[in-house]
Number of protein chains: 2
Amino acid sequence: MSTPDPATARPPLRRDAQRNRDRILEAARRIFREQGASAPVEEIARGAEVGMGTLYRHFPTKDALIDAIAVARFAEMVEAGEEAVTNDNAAEGLEGLLRVVLEMQIIDRGFRDALSAVTGLKGGEAIELRDQLRGHMTSLLRRAQAAGQYRDDLNGDDISALIWSTGRIVERAGDDAERLATRFQTVHLDGFRTATPSTLTA
Amino acid sequence: MSTPDPATARPPLRRDAQRNRDRILEAARRIFREQGASAPVEEIARGAEVGMGTLYRHFPTKDALIDAIAVARFAEMVEAGEEAVTNDNAAEGLEGLLRVVLEMQIIDRGFRDALSAVTGLKGGEAIELRDQLRGHMTSLLRRAQAAGQYRDDLNGDDISALIWSTGRIVERAGDDAERLATRFQTVHLDGFRTATPSTLTA
DNA sequence: TACCAAACGGAGGCCTGGCTCCGAATAAAC
DNA sequence: GTTTATTCGGAGCCAGGCCTCCGTTTGGTA
C-alpha cells in the first residue's frame with residue numbers, strides 16, 4: 001500500500017509543483033476550518049498565493065480538495081473510535097466518542113460539512129473512513145444494549161441522526177455552540193437510556 | 001384592524017391585477033410547499049403564468065413573498081397552540097403540539113424553511129406569529145415542569161432546538177421522513193422526561 | 001369610443017462561484 | 001547555456017438566481 005505500484009507510480013513532482021501543492025493544502029485546511037466547505041475556491045487560491053489554474057491542476061474539482069482535507073480529520077476520528085471500543089463500559093465509550101466528534105464539529109466547520117454531506121464526495125476516501133467510524137459506533141451501541149444501558153429499539157441510524165442534528169445545532173448556535181450542543185446531545189442521550197420508552201411513540 | 005385605515009388604504013386593485021396577485025400566491029404556495037424557500041422566483045412566475053415584472057410589483061422582494069405565504073401556515077400553528085394550552089396535561093399538550101408542527105414540516109418544505117430561518121423575514125408578520133407559538137410552548141413546558149413531568153433544567157431554547165433539529169432530520173430523510181423524524185422526536189422527548197439527568201453532563 | 005393611468009412581461013443587468021484556456025515562466029536534463 | 005516538458009497564473013466563460021427597466025397592453029371612465 002505504501003510501496004509505490006509501478007503501474008500507478010508517477011514521476012516525482014517538480015520542486016515548484018510540490019511546494020505549491022503543500023501551500024494549497026495548508027490554505028485549504030485553514031479556510032475550510034474557518035469558513036466551511038462553501039468557502040469559494042478562489043479564496044483558497046489567494047490564501048495559498050497561487051493561481052486558479054495551479055489549484056485546479058492539483059485538484060481537478062472542489063470536491064476532490066475537500067475530500068483530501070477531510071481525510072485527515074476523519075482518520076483522527078476513526079482512531080478515536082478504535083480507542084473507544086476498548087472501553088469496557090460501552091455506553092461510556094460511545095458517549096465519549098460522540099463528545100470527541102462534537103468537539104471537532106465545533107472547532108472545524110469544514111469537518112462538520114464533510115461529515116454531514118449526504119451527497120458529494122462520492123467514492124472518496126473520506127466516505128470510507130466515515131463508514132468505519134459508524135461501524136465502531138454501532139458496535140458500541142449493540143454492546144450497550146446487551147448490557148442493558150440503552151433501550152433495545154435503537155440502531156445505527158439513531159446515532160447518525162444524533163450526530164447530524166448535533167451538527168445542525170452547532171451551525172445555528174454561533175457563540176456558545178459548545179454549551180447548547182452539549183446540552184442537546186446530553187438530553188438526547190438520556191432518551192437513549194430510558195428504560196421504558198414513551199408510549200407516545202407512534 | 002380589518003377596517004381600512006384611510007391613511008393606509010389603497011385604491012382597489014384593477015381586475016387583472018387582483019387576478020394575477022391571486023395566481024401568484026397560489027403558485028407560490030404550491031411551489032414553496034414542494035421545493036422549499038430556495039425555489040427560484042422565476043419558477044413561481046412561470047407557474048402563475050405571469051412575468052417577472054408583475055410578480056415583483058406585487059411582492060417587492062422574494063422574502064416578502066415567502067413571508068406572505070408563511071403567515072397562513074404560522075397562523076394555523078398558533079391556533080393549534082391555543083388549543084394545546086387548554087390541555088390539563090401539560091406534557092401531553094406540548095407533545096401533541098410538537099407533533100402537529102412536525103407533521104407540517106413534513107408536508108410543507110416552505111413552512112419548514114420559514115420556521116428554521118434564523119435571519120431573513122426580519123420584521124415580517126410571520127416572525128411575530130412564530131414568537132407567539134414559542135410563547136405557548138414555553139408556557140406548556142413550565143407547567144409540565146411544575147407538574148414534575150419534565151426535568152427542571154429545560155427552557156424555551158431546548159424546545160426551539162428540538163424543533164429545529166427535527167426539521168433538519170426531515171430534510172435529510174427524504175422518504176420515511178415521517179418515521180425517522182417521529183422516532184427522533186420521541187427519543188428526545190424521553191430525554192425531557194428523565195427524572196435524574198445524566199451525570200455525563202459536562 | 002377614446003383616452004390614459006395602471007398593470008403587464010421578459011430581456012437583460014449584476015453578482016457569485018465553479019471551472020478552463022493558453023501564453024508566459026521555469027525547473028531539470030543534456 | 002540551451003532546450004523542452006512541466007508548471008504557473010489569472011482573465012474569462014458559463015450557470016444560476018435576484019431583481020429592474022421600459023416599451024406594450026389593458027381595464028376603467030367620461
Side-chain angles (χ1 to χ4, degrees), chain A residues 9-28 30-32 34-70 109-110 113-114 117 119-122 124, chain B residues 8-28 31-32 34-70 109-110 113-114 117 119-122 124:
Chain A
R10 311 187 167 288
L13 287 175
R14 231 169 67 175
R15 199 142 34 84
D16 52 349
Q18 183 61 54
R19 180 176 50 83
N20 281 332
R21 183 174 227 288
D22 292 344
R23 302 179 85 174
I24 290 167
L25 283 170
E26 190 187 321
R30 180 170 55 77
I31 287 168
F32 283 143
E34 291 168 1
Q35 305 187 24
S38 64
V41 175
E42 202 190 330
E43 179 107 0
I44 290 164
R46 220 179 313 124
E49 292 176 270
V50 142
M52 295 291 280
T54 302
L55 193 155
Y56 272 95
R57 194 160 340 90
H58 286 290
F59 302 94
T61 189
K62 187 182 179 181
D63 275 349
L65 182 53
I66 292 174
D67 195 66
I69 300 297
R109 278 187 65 175
D113 290 346
T119 56
L121 305 181
K122 296 187 218 297
Chain B
T8 323
R10 311 188 166 290
L13 287 176
R14 232 170 65 175
R15 199 140 35 82
D16 53 349
Q18 182 63 54
R19 179 176 50 82
N20 281 332
R21 192 188 170 77
D22 292 344
R23 303 178 84 174
I24 290 166
L25 283 170
E26 191 187 320
I31 287 167
F32 282 144
E34 292 168 359
Q35 305 186 24
S38 65
V41 175
E42 202 189 329
E43 178 107 359
I44 290 164
R46 220 180 312 125
E49 292 176 89
V50 142
M52 295 292 279
T54 302
L55 193 153
Y56 273 95
R57 194 162 339 89
H58 286 290
F59 302 94
T61 188
K62 186 183 179 180
D63 274 350
L65 181 53
I66 293 174
D67 195 66
I69 299 297
R109 276 186 68 173
D113 290 346
T119 56
L121 306 180
K122 295 188 218 298

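Throughout, a chain's letter reflects where its sequence line sits, starting with A, and its residues are numbered from 1.
Contact between the side-chain N/O atoms of A/T54 and the OP1/OP2 oxygens of D/dT7 is not found at any separation under 4.0 Å. In terms of phosphate contacts, A/N20 brings no side-chain nitrogen or oxygen within less than 4.0 Å of OP1 or OP2 of D/dT7. B/H58 has no side-chain polar atom (N or O) that falls below the 4.0 Å cut-off from OP1 or OP2 of C/dA7.
Counting only heavy atoms from C-beta on, B/Y56 has its side chain closest to D/dT20 among D/dG28, C/dA28, D/dT20. The side chain of B/P40 approaches D/dG17 more closely than any other nucleotide in the set D/dG28, D/dG17, D/dG9.
When the nearest nucleotides of DNA chain D are assigned to B/D16 and B/T61 by heavy-atom distance, the more 5′-ward of the two goes with B/T61. Mapping A/A37 and A/R57 onto DNA chain C by nearest heavy atom places A/A37 closer to the 5' end of the strand. Sequence order on DNA chain D of the closest nucleotides to B/R14 and B/S38 puts B/S38 first from the 5' end.
Rounded to whole Å, atom C1' of C/dA11 lies 15 Å from atom CZ of B/R46. One interatomic measurement links the two molecules: CD of B/E49 to P of C/dG9, which rounds to 10 Å at whole-angstrom precision. With rounding to whole Å, B/E43 atom CD is found 16 Å from C/dG10 atom P. In this structure, B/M52 atom CE and D/dG23 atom C1' are separated by 18 Å, rounded to whole Å. B/R23 has its CZ atom 13 Å from the C1' atom of C/dC8, to the nearest Å. The NZ atom of B/K62 sits 15 Å away from the P atom of D/dG16 (whole-angstrom rounding). Rounded to an integer number of Å, the gap from CG of A/L65 to C1' of C/dG17 is 15 Å. For A/I44 and D/dG10, the CD1 to P distance is 17 Å, given to the nearest whole Å.
The distance from atom CZ of A/R109 to atom CD1 of A/I31, rounded to the nearest 0.5 Å, is 12.5 Å. B/N20 CG to B/R57 CZ: the interatomic distance, rounded to the nearest 0.5 Å, is 9.0 Å.
A/Y56 has its side chain within reach of A/V41: a pair of non-hydrogen atoms, C-beta onward, lies under 4.5 Å apart. Within the 4.5 Å cutoff, the side chain of A/F32 has no heavy atoms near those of the A/D113 side chain.
Looking at heavy-atom distances under 4.0 Å, B/L13 makes contact with sugar-phosphate atoms alone, never a base.
The side-chain hydrogen bond (donor to acceptor under 3.5 Å, both in side chains) search around B/R19 returns none, not counting sequence neighbours.
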